Protein chains: 2
Amino acid sequence: MRAMSPPVGLPVLAESDLVRQVARRLTDAIVQGRLAPGAKVAEAAVARELGISRAPVREAARLLESQGLLRASPRRGFFVRELSARDVDELYDLRLCVERHAAVEAARRLTPSLRDALRRQLALMRELARRDDPVAIVEADYQFHRLVCEAAGNARLLRLFDGLASELRIVIGLIGRLYDDPEEIARTHEPVLEAIEAGHPERIVAHIDHHIGVARREVGRLVQSLTPTIPEIP
Amino acid sequence: MRAMSPPVGLPVLAESDLVRQVARRLTDAIVQGRLAPGAKVAEAAVARELGISRAPVREAARLLESQGLLRASPRRGFFVRELSARDVDELYDLRLCVERHAAVEAARRLTPSLRDALRRQLALMRELARRDDPVAIVEADYQFHRLVCEAAGNARLLRLFDGLASELRIVIGLIGRLYDDPEEIARTHEPVLEAIEAGHPERIVAHIDHHIGVARREVGRLVQSLTPTIPEIP
DNA sequence: TAGGCGTCGATTGTCGACACTTTTGGCTTG
DNA sequence: CAAGCCAAAAGTGTCGACAATCGACGCCTA
């Protein structure tokens with residue numbers, strides 16, 4: 001007999017609003033790497049594990065599909081999205097596009113409380129880097145960028161950023177350690193914040209470009225090492 | 001060599017995927033203005049009308065919700081999204097952000113066939129403007145911008161653009177005539193294409209900004225006139 | 001022995017049903 | 001006559017069931 005349901009221990013859910021809860025749990029499982037890229041997400045298995053019926057699971061899967069976390073294969077089910085090097089390229093292109101805009105906009109609207117929030121986040125990153133906590137660093141990194149997008153004051157932009165980040169986390173979640181030198185990644189954020197505080201669009205864009213370029217190379221390298229020439233079947 | 005199915009060009013069968021079909025029908029109804037903003041989309045009614053059960057309708061509705069076309073109110077159902085002036089602002093902010101990037105990228109990758117496609121689309125717009133076909137003008141306008149995004153060679157960017165365009169069509173679909181002067185809207189596209197062909201990023205951005213600014217004002221004006229101080233009930 | 005074919009189990013796509021909630025419409029009451 | 005309340009109706013959230021389809025395994029054939 002073949003191993004059926006994933007061995008991921010998911011607690012049984014309470015009633016009402018099951019779809020969102022299922023979507024969240026599946027998202028967590030994916031971005032945390034417990035559901036690997038390419039893994040099948042069988043509705044029946046998930047439903048059994050959560051103690052619910054298949055209907056809410058299906059709806060949640062559709063949601064995640066539209067977010068790019070799952071891939072739907074008609075009559076065959078849902079699978080965790082596999083990201084090629086090209087996918088990562090596309091995602092970072094969009095991140096660049098979105099975060100440039102967000103940072104410039106954030107600078108225009110910067111309030112003292114927003115500025116303080118960004119400073120605190122940066123301080124947290126430095127602290128985590130000093131303590132060499134690679135998992136927390138990645139999370140803090142993400143939160144810093146999210147704060148910038150939040151500061152831009154465009155709810156849709158924030159949702160867009162969240163979507164891009166989720167997809168990238170499919171690959172980032174596969175490893176605990178994203179950066180060789182955590183201190184460096186904390187340092188590369190400093191000029192970004194400085195540029196935002198100073199409010200020079202050109203400098204903001206330049207530093208964002210540099211910083212995201214670094215992350216892009218890291219993740220690109222990672223994807224290379226993870227996909228040892230898997231032939232694509234179109 | 002992989003000897004698979006013969007290269008005989010057989011069309012893929014129309015999968016009996018009800019969810020996509022329902023999603024498409026609902027989308028069409030919304031962007032064509034047959035379903036007005038705020039209108040209730042009752043699953044049971046839609047299912048009855050289409051002669052199917054509620055399950056596929058629910059899944060389709062979830063899809064449209066994640067695309068921003070519908071709004072879900074727990075235990076009360078789905079409603080066509082109502083766009084405030086602020087929503088339109090957000091959408092145009094993102095359009096600006098996305099299309100600047102797309103145009104610059106399109107210029108970098110411009111091939112003769114792409115260039116010709118853009119020229120043909122522009123010629124079509126001029127022709128439609130001359131014939132004063134306001135509905136077709138809006139569609140051709142959309143297609144021109146979509147081509148630019150397609151030319152950027154980033155599938156996600158294109159999907160993103162489609163999503164923004166869909167949402168905007170909620171309001172645009174309410175009227176047949178978007179622009180006072182169709183000829184003008186055709187003319188404002190010309191410098192955009194010229195800048196892309198010339199490949200000057202600054203000029204591209206400048207012209208995109210100007211052109212989208214025009215559309216933004218038009219739609220903004222429209223939204224103002226459509227929402228005569230409707231009190232928001234959160 | 002390698003490759004194609006048919007059968008079987010497993011899973012998806014869709015459906016109808018049931019409980020509970022919200023809305024509607026009428027009736028009572030101040 | 002308006003406001004409030006109660007009951008009926010409609011609609012959502014969820015479930016279990018059934019047919020259609022896919023993948024895997026084993027068998028048959030060349």
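Each chain gets a letter, A, B and so on, in the order its sequence line appears, and its residues count up from 1. Computation of the quantities below employed the complete heavy-atom set of this structure, encompassing side-chain atoms and omitting hydrogens, waters and symmetry-equivalent molecules. Here the structure is a predicted model, which is why all the values come from computation and not from measurement.
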Do side-chain atoms of B:N154 reach the backbone of A:E90 as a donor and acceptor pair under 3.5 angstrom?
yes

Cationic N near anionic O, under 4.0 Å, A:E139 to A:R169:
yes

Does this structure show an ion pair linking A:D28 with A:R34, if we count only N-O contacts that are shorter than 4.0 Å?
no

Distances for protein N or O near nucleotides 5-12 of chain D N or O, under 3.5 Å:
unit_1 : atom_1 : unit_2 : atom_2 : d
D:dT12 : OP1    : B:E43  : N      : 3.3

Kindly say whether A:S84 contributes a backbone atom to a donor-acceptor pair with the side chain of A:D87 at under 3.5 angstrom?
yes

Which whole-number value in Å describes the distance from A:L18 CG to D:dT14 P?
4 Å

Round to a whole Å and report the spacing from CG of A:L50 to P of D:dT14.
12 Å

I'd like to know if A:E167 pairs up with B:R156 as an ion pair, taking the criterion as any Lys NZ or Arg NE/NH1/NH2 lying under 4.0 Å from an Asp or Glu carboxylate oxygen.
yes

Measure the distance from CG on A:D17 to P on C:dT21 and round it to the nearest whole Å.
15 Å

